[in-house]
Amino acid sequence: MRFSRLFAPTKKESPADAEIPSHKLLTRAGFIRKVASGLYDILPLGAKVILKIEKIVREEMNAAGAQEVILPIMHPSELWQESGRWEVYGKEMIKFKDRHERDYALGPTAEEVITDLVRKEVKSYKELPLNLYQIGRKFRDEIRPRFGLMRAREFIMKDAYSFHADDEDAEREYWNMYETYSRIFKRMGLEFKAVLADTGEIGGNFSHEFLVIADTGESKLVYCEKCGYAASTEKAAQRKPEVPKGRETEFKEVERVHTPGIKRIEEVSEFLGIPQEKILKLLVYLVDGKPVAVAVRGDREIEETKLRNAFGAKDVRLATDEEIEEFTGQPKGFLSPIGFKIPVYADYSVIPMVNFVAGAGEVDYHLKNVNWGRDFEVEEFIDVSEVGEGEPCPECGAPLKFKRGIEVGHIFKLGTKYSEAMGATFVDEDGTEKPMVMGCYGIGITRVMAAAVEQNHDEEGIIWPFEIAPFEVIVIPTNVKRDEIRELAEEVYENLKKKGFDALIDDRNVRPGFKFKDADLIGIPFQVIVGKKAGEGVVELKVRKGGERFEVESGKVGEKIRELLQGGI
RNA sequence: CGGGGCGUGGCGCAGCCUGGUCAGCGCGCUUGGUUCGGGACCAAGAGGCCGGGGGUUCAAAUCCCCCCGCCCCGACCA
């Protein structure tokens, strides 16, 4: 490809509405343009990256035994009514009617459509297992699309669905996909982690998320270097503390203290000169509409997904100020667990607490030396606060590490949720009819592109991993009006193409600085600069990542690149 | 949805508070020339009618009302 013909409108300035690096850089470097909120044009450079990502996904999925299909993105409402998700998915789905007033939706995912296909065509255990996937557009009418490609309303996803005769085989395929995903992200040259995850909206009973590590990521994870435990903080378990032996012997007398206007944990801590770990935080939640009090150590935070799971609830939210008064008869900011009108559940972090501070149940007063078991009863100790850096691994007790990441893949064991709802059954070896056991496996293709940039960039621009770079190498003649430079550059370019490289030549008649800036911004892994020593047949090979430069004979550029790649660049 | 902010040539922004002398700056674009290893310089040009609608006024980018679009934030006091 010749740069003079390439549609890659680069910019010096970031768009005003971009916040994070991937959004700014993909726009500046001419990969994407916004059409409307959450909707993007993908320009040639972006399309090349997407296609390379898809290629790796296809190769690995095919190698893993999955088969590609192409399903409609326009879904009839009947299928979604059948699974019960027409209402559940609700506002997230883009719904519309055809000319006959029939209801349709643009598919946010495809369990219904694929299950419909399989239930109609597969009747016997002999036809199982089956793993079908597609790479296509998905639509989700996000409440708030943001961060460019990261959370868009239309995006490209690879979604796979597998069908099995029994649970054991579904689990076998689950781990097959786990390994496949690991290979996929490894091939893409991304630093990632597979973590235990919450199953969320899709349902099912077992799941892993694949996160690309990046500081700007919206997902948080903890992992253990000793035993390999890794989990999303929405899922990560606390190691259950022991009840301290003889704690009763330490109990002191409850003391009522005046704390005028002091409500926040930080304020209480400062005012009384007592660390936050010695203060009890009491929150009132509505768990599927029922008021429940949850106590947690003052310096810790409730992870609402864990809370929801602990109660097996659909919906969990904090009570409003008015609701707190109504349910407890106590003023917010000074809630006391003593004589509480609603059941008090306590996070694991409360177990070791002795002689702690709590609200007094009246305005402007707190209590010191409160103890659970003596002063109030805990309904049950539950694991609902967020696990963080340095805390003990729930498996082996070693200190956990914390990182942020971007969710690019998610695998689920679905069980029979959809097959039962939609009657996807087969006749087993023993002649009886059974629901198929399902799994589903997604990769956000467009999000992978954004995540790769989020993880790999510097002040100058993007630094693409070789495997998914829009071009592998760019040849830069510093001055196309000088014959020896132009001719040598053309020669090197043709040579690289012949050797199988995806090469670009910057044949534009602009100053060299301009070309260097563009090459860095676009992030092509290797730059071949043809300039000063063109007369001697020597060119300069620059590695985008790290900026290392080598002087190379013009005929040996390809070899040098291969050598560097083998060396792990 | 609630809260906050923004909308002015292709892009980034100033002007608005204190209506008129206001449509301006930088980048980009076109033409000519000089330049040519880290987003050059000089000169001459093209391009907006100020998100849309309504209103106030002798007069509106500027004041008022409505609408549309875009961006950011949204448990932690209990």
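Listed by first and then second residue, the side-chain hydrogen bond (donor to acceptor under 3.5 Å, both in side chains) pairs involving residues 3-15 of chain A are A:Ser4-A:Asp507, A:Thr10-A:Asp518 (not counting sequence neighbours).
The CG atom of A:Asn509 sits 17 Å away from the P atom of B:rG39 (whole-angstrom rounding). The interatomic distance linking A:Asp506 (CG) with B:rG37 (C1') rounds to 13 Å, in whole Å. Rounded to whole angstrom, the span from the CD1 atom of A:Ile485 across to the P atom of B:rC36 amounts to 11 Å. In this entry the distance linking CG of A:Asp17 with C1' of B:rC6 reads 11 Å, nearest Å. In this structure, NZ of A:Lys481 is placed 11 Å from P of B:rC36, rounded to the nearest angstrom. Rounded to an integer number of Å, the gap from A:Lys24 NZ to B:rC11 P is 18 Å. Look at NZ on A:Lys12: it is 12 Å from C1' on B:rC11, rounded to the nearest Å.
With B:rC77, B:rG38, B:rC11 as the choices, the nucleotide that has an atom nearest any side-chain atom of A:Lys542 turns out to be B:rG38. Among B:rG37, B:rG12, B:rC72, the nucleotide with an atom closest to any side-chain atom of A:Ile529 is B:rG37.
Across all strands shown, A:Ser37 has heavy atoms under 4.0 Å from sugar-phosphate atoms exclusively, and none from any base. Within the 4.0 angstrom heavy-atom criterion, no nucleotide atom of any strand lies near A:Arg297. Residue-level contact check: A:Arg28 touches the bases, meaning some heavy atom is under 4.0 Å from a base atom. In this structure, A:Gly531 reaches the bases: a heavy-atom distance under 4.0 Å links it to at least one base atom across the strands shown. Contact annotation for A:Glu19: backbone-only contact, meaning every heavy-atom pair under 4.0 Å involves sugar-phosphate atoms and none involves a base. Within 4.0 Å (heavy atoms only), A:Ser14 reaches sugar-phosphate atoms of the nucleic acid but no base atom. Heavy atoms of A:Lys34 sit under 4.0 angstrom from primed sugar atoms or phosphate atoms, though from no base atom. The residue A:Arg511 sits close to a base: some heavy atom pair falls under 4.0 Å.
In this view, A:Phe471 satisfies the ring-ring contact (aromatic ring centres under 6.0 Å, His included) rule with no residue, not counting sequence neighbours.
None of A:Phe381, A:Tyr285, A:Phe311 except one satisfies the ring-ring contact (aromatic ring centres under 6.0 Å, His included) rule with A:Tyr345; the exception is A:Phe311.
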Shorter than 3.5 Å, N or O on both sides, protein versus nucleotides 43-46 of chain B: list them out with atom names.
none

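Pair assignment for B:rC16 gives none, since no Watson-Crick or G-U wobble pairing has each distance under 3.5 Å. Remark: B:rG10 base-pairs with B:rC27; criterion is Watson-Crick or G-U wobble with both hydrogen-bond distances under 3.5 Å. Across all strands shown, B:rC41 forms a Watson-Crick or G-U wobble pair, both distances under 3.5 Å, with B:rG33. Summarising the base pairing, B:rC1 is matched to B:rG74 through a Watson-Crick or G-U wobble pair whose two defining distances lie under 3.5 Å.
Remark: A:Arg144 is in phosphate contact with B:rC72, judged by side-chain N or O atoms under 4.0 Å from OP1 or OP2.
Mapping A:Tyr285 and A:Ala18 onto RNA chain B via the closest heavy atom, the residue that lands nearer the 5' end is A:Ala18. If you find the closest nucleotide of RNA chain B to A:Ala319 and to A:Leu521, the one lying nearer the 5' end belongs to A:Leu521.
Here the two rings, on A:His366 and A:Phe356, have centers that are 6.0 Å apart or farther.
Note on A:Glu154 versus A:Arg137: salt bridge recorded, some NZ/NE/NH1/NH2 to OD/OE distance being below 4.0 Å.
Under a cutoff of 6.0 Å and an axis angle of 45°, A:Lys560 and A:Phe550 form a cation-pi pair. With A:Trp86 as the aromatic partner, A:Lys95 meets the cation-pi criteria of under 6.0 angstrom to the ring centre and within 45 degrees of the ring axis.
Atom name C1', nucleotides B:rC25 and B:rG15: the rounded distance is 11 Å, in whole Å.
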